[in-house]
Amino acid sequence: MKTPRFGVIANRTGTAKTTVRRTAKTRVRIAPQKRKLLVAMIFAGLAFALVIGKLFVVSLVQGKYWTNKAMSQWTRVVSLKAERGKILDRNGTVLASSYTTYQVCVNPQNIQPSDRERIANILSMYLDLDYDTVFAKITKKKRVNTPTPDPNNPDAAQNESHEEVLLSQVKIKDQVDKEVISKLNAMQLGSGVSYYSDVKRDYPESGYYAQLIGFTNIDGDGQTGVELTENKFLAGEDGHQKMDTDRDNNPVPGGEEEFIESVPGANVVLTTDTGLQGILENALEEACTVNNANTASGLLLDAHTGAILSIGSYPSFDSSNPPRSDAKVLLELSKNRIVTDTYEPGSTFKVVTLAAALESGAVTLGTEFNCKGSLTVKGDKIKCWKSGGHGSETLAEAVANSCNPAFMSMALRMGIDTFYDYIFQFGFGESTDSGVMGETSGKVTHKKYIRDADLARIGFGQSISCTGMQLAMAFTACINGGELLKPYVISEIVDQDGTVLEKNERTVVRQVISPSTSTTIRSLLRNVVEKGSGKNAQVYGYSVGGKTGTSQKYEEDGSVSSSKLIASFIGFAPVDDPQFVCLIIVDEPQVPQVYGSTVAAPFVQQVLAGALSYMGVQPDNTNQSATVPNVRGLTVSQAARILREAGLEAVYIEAEENSTVGNQSPAPNTVVVRGSTVLLYSTGYAFFAELSEEVETVEVPDVEGLDRMDALDKLKKAGLIMDYDKHNCAGTVVYQDLTEGFKVPVGTVVHVQFEVKNKNDD
């Protein structure tokens with residue numbers, strides 16, 4: 001029987017019981033107290049989960065960050081700068097060294113307001129700093145964000161307030177000498193000022209080696225030169241000192257301390273000699289100054305080993321105080337142009353052509369040439385530097401004359417394949433890997449693009465570019481027995497305990513020509529100096545060989561410049577047993593006559609003479625000497641007469657015979673070989689260039705009495721440019737600054753003046 005949904009239920013005794021309402025599902029009621037407890041537990045669980053999550057993030061995800069932050073608050077780490085290694089020359093002369101200096105810092109949080117002015121006064125006075133700048137650092141603050149709860153609503157999100165607090169430490173000055181620190185210590189500045197050891201670079205021979213050695217930055221890291229290229233050896237390894245500190249950044253007595261000692265850098269020994277470096281740099285300065293040139297660069301090599309004995313460029317700078325305020329100027333002055341700059345070598349390259357032609361059998365000592373003033377190659381007429389040519393000449397005469405057609409013929413006889421093989425064998429087109437910073441490779445045009453006319457021009461040093469270092473090493477191979485040597489400027493790198501980490505020695509790259517060919521070349525180049533254009537390179541008591549060179553530069557649009565020139569000379573001595581090879585390149589000399597023999601050769605002579613004497617090389621020649629007289633202040637004609645009486649030749653502009661001699665090269669009282677030439681710089685000459693090599697010269701025509709169009713046509717036909725006042729060009733020419741018959745390069749500017757003559761003037 002089903003139980004009724006509503007009704008009376010009787011028990012066994014028949015007694016009636018209370019009527020109840022039954023539902024399909026009975027609802028469980030929870031007491032209010034238990035409900036609150038349950039909610040609290042749920043929120044507590046969520047909060048716990050959030051805490052656990054935050055702990056996970058803080059301890060694992062951000063653990064390293066917070067650990068470092070905590071360590072920075074209770075520890076102090078002081079870097080111990082490693083002492084930088086020394087740079088020395090081959091004799092042990094110190095060229096660069098380091099000594100201990102100090103860094104001065106202020107701790108603003110430790111300085112009482114009443115003491116700020118006193119400390120600022122003391123620091124500015126002893127450190128030679130501006131008072132206001134120091135005081136600003138002492139009171140320097142930083143902005144911090146501080147979370148603050150809302151007192152009226154504790155459960156609300158926290159607000160952020162901005163507060164400015166003093167910095168804990170500010171650097172005042174680097175590289176302060178120990179004597180200054182001692183004076184500051186005596187002033188009892190307390191914990192408001194701190195000192196940390198530092199290292200400063202010193203260059204005892206700062207007048208020399210600027211480009212080669214370079215310099216370091218304020219942190220002691222190499223920026224240019226050997227300081228940069230060998231920085232990994234020179235720098236050493238920094239150490240550090242770590243200690244526990246209190247809230248004022250003071251060491252805690254008994255706290256943990258860690259000390260890791262710095263490792264000093266290794267010493268770098270160069271192949272250079274400071275005495276020889278001084279001889280070269282003095283010559284470069286004089287060459288640049290007396291020739292009013294942009295730059296002069298040069299090097300001196302050991303002909304037996306390829307070691308660089310001296311190298312440099314002028315203008316230069318003081319390594320101890322480089323002009324950091326002008327980055328562009330500093331970059332230009334830092335270039336060792338003998339390895340960084342490429343140029344068309346001109347006639348100095350003829351030595352390479354000569355060596356290749358002799359070695360390949362294209363010519364012999366008995367070969368003869370006939371120079372008619374030009375050579376036409378496949379329809380391209382290429383002129384000799386000498387108008388009218390040299391006529392019939394032997395190989396020795398062609399070399400002494402520096403005859404362009406003769407060397408064109410040598411190149412064409414060899415052919416492109418043979419000549420190019422020798423060009424690459426001599427090292428052109430690739431870096432010599434000398435170790436001097438910034439070395440470039442030059443440019444040798446691929447032979448598939450070379451026509452016969454191009455090949456002919458390469459024969460006398462055009463249509464090919466190289467660095468001075470490449471040319472010097474190729475030249476050295478020509479005169480040292482035929483071995484192409486690898487140049488090097490780093491002799492060895494030695495650790496502080498004496499362990500040799502790296503060492504460079506004589507390295508033969510390859511044998512390019514035979515010893516017999518080399519002997520022939522030495523004899524021919526001796527003839528150039530004794531009888532040809534290289535007379536000014538002669539050294540009293542010694543035999544010298546060499547070659548002059550004058551080449552044109554290019555304008556920005558790629559056209560050949562008519563006025564920008566490079567003069568050079570490369571020489572060696574003694575001839576039979578070469579000890580030294582010297583190359584000097586003078587860029588854009590602004591003198592009346594630009595000859596390699598007068599602009600560069602006298603300074604190669606100066607370097608070779610100084611080097612031979614300095615190194616104690618015994619004389620091997622009995623040539624006669626002459627002392628250059630002082631002719632400054634005399635007229636050019638008077639000076640020329642006195643020089644002739646002294647057994648010397650004068651080089652000057654005939655049009656300036658009545659001008660006063662302002663300067664001369666070589667300098668007065670210089671001992672030279674009798675018959676040498678002296679270049680006279682008059683006070684009245686116009687600046688233009690005249691070449692004895694490579695560039696065609698023409699005679700200036702007479703245009704006086706001609707009108708503007710006729711004068712313009714006549715000068716143009718001669719290959720010259722007329723310059724005149726465009727607002728006063730009526731009438732006829734009454735003045736021209738270059739006289740009729742004077743020889744000048746094609747493209748020289750002739751200044752003229754016009755005047756209208758009245759009929760009554762006659």
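Values below: every heavy atom of this structure, side chains too, minus hydrogens, waters and symmetry copies.
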Judged by atom type as modelled, is there a donor-acceptor pair below 3.5 Å linking the side chain of [X] to the main-chain atoms of [Y]?
X    : Y    : answer
Y208 : G275 : no
N291 : P589 : no
D302 : H304 : yes
R674 : A626 : no
K553 : E588 : no
Q579 : A573 : no
N231 : G222 : yes
N294 : D587 : no
T440 : V339 : yes
N536 : T677 : yes

Taking atom [atom1] of [X] and atom [atom2] of [Y], what is their separation to the nearest 0.5 Å?
X    : Y    : atom1 : atom2 : answer
I308 : M473 : CD1   : CE    : 8.0 Å
F428 : I464 : CZ    : CD1   : 6.0 Å
L309 : T274 : CG    : OG1   : 11.5 Å
I570 : L301 : CD1   : CG    : 8.0 Å
I566 : S297 : CD1   : OG    : 9.0 Å
L270 : S310 : CG    : OG    : 12.0 Å

Open item on the list: Between E205 and I213, does the side chain to side chain contact (heavy atoms under 4.5 Å, CB included) criterion hold? Intermediate values first, please.
Closed with: CA-CA 10 Å; E205 303 290 340; I213 294 178; over 6 Å; no
Considering only heavy atoms from C-beta outward, does the side chain of [X] approach that of [Y] to under 4.5 Å?
X    : Y    : value
V399 : F407 : yes
P574 : L612 : yes
P323 : L333 : yes
L679 : Q664 : no
T216 : D221 : no
F215 : F317 : yes
V529 : F569 : yes
Q538 : N621 : no

Task: Set of side chain to side chain contact (heavy atoms under 4.5 Å, CB included) partners for A640, sequence neighbours left out - done: R644, A650, Y652
Shortest non-hydrogen contact from [X] to [Y]?
X    : Y    : value
N527 : A400 : ND2-CB, 3.7 Å
T476 : A303 : CG2-O, 3.7 Å
G438 : T340 : O-CG2, 3.4 Å
L648 : G675 : CD2-N, 4.2 Å
Q277 : I311 : NE2-O, 2.7 Å
V673 : V539 : CG2-C, 3.6 Å

Open item on the list: Heavy-atom count check: over 12 atoms from other residues, nucleotides or ligands less than 6.0 Å from E645 CD?
Closed with: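 Count over threshold, so yes.
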Open item on the list: Are Y614 and F580 an aromatic pair, judged by ring center distance below 6.0 Å?
Closed with: no
Would you kindly say whether [X] and [Y] are connected by a side-chain donor-acceptor distance under 3.5 Å?
X    : Y    : value
K350 : N404 : yes
E227 : Y203 : yes
T272 : D89  : no
T548 : S533 : yes
E439 : S434 : yes

Task: Electrostatic pair E332-R337, nearest N-O below 4.0 angstrom - done: yes
TODO: Show your reasoning for whether side chain to side chain contact (heavy atoms under 4.5 Å, CB included) applies to F475 and V581.
DONE: CA-CA 8 Å; F475 183 89; V581 170; 3.9 Å; yes
Task: Step-by-step side chain to side chain contact (heavy atoms under 4.5 Å, CB included) determination, E344 to R457 - done: CA-CA 11 Å; E344 286 191 354; R457 287 188 172 89; over 6 Å; no
Task: Candidates S568, S551, S402 - the one meeting side chain to side chain donor-acceptor pair (under 3.5 Å) with S347 - done: S402
Open item on the list: Before you tell me yes or no, could you show the steps for T342 and T467 under side chain to side chain contact (heavy atoms under 4.5 Å, CB included), namely the whole-Å CA-CA distance, both residues' side-chain angles and the distance that decides it to 0.1 Å?
Closed with: CA-CA 5 Å; T342 59; T467 65; 3.8 Å; yes
TODO: Please collect all salt bridge (charged side-chain N to carboxylate O under 4.0 Å, His left out) contacts where either partner lies in residues 269-290, sequence neighbours excluded, each pair once.
DONE: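 Not a single pair qualifies under salt bridge (charged side-chain N to carboxylate O under 4.0 Å, His left out).
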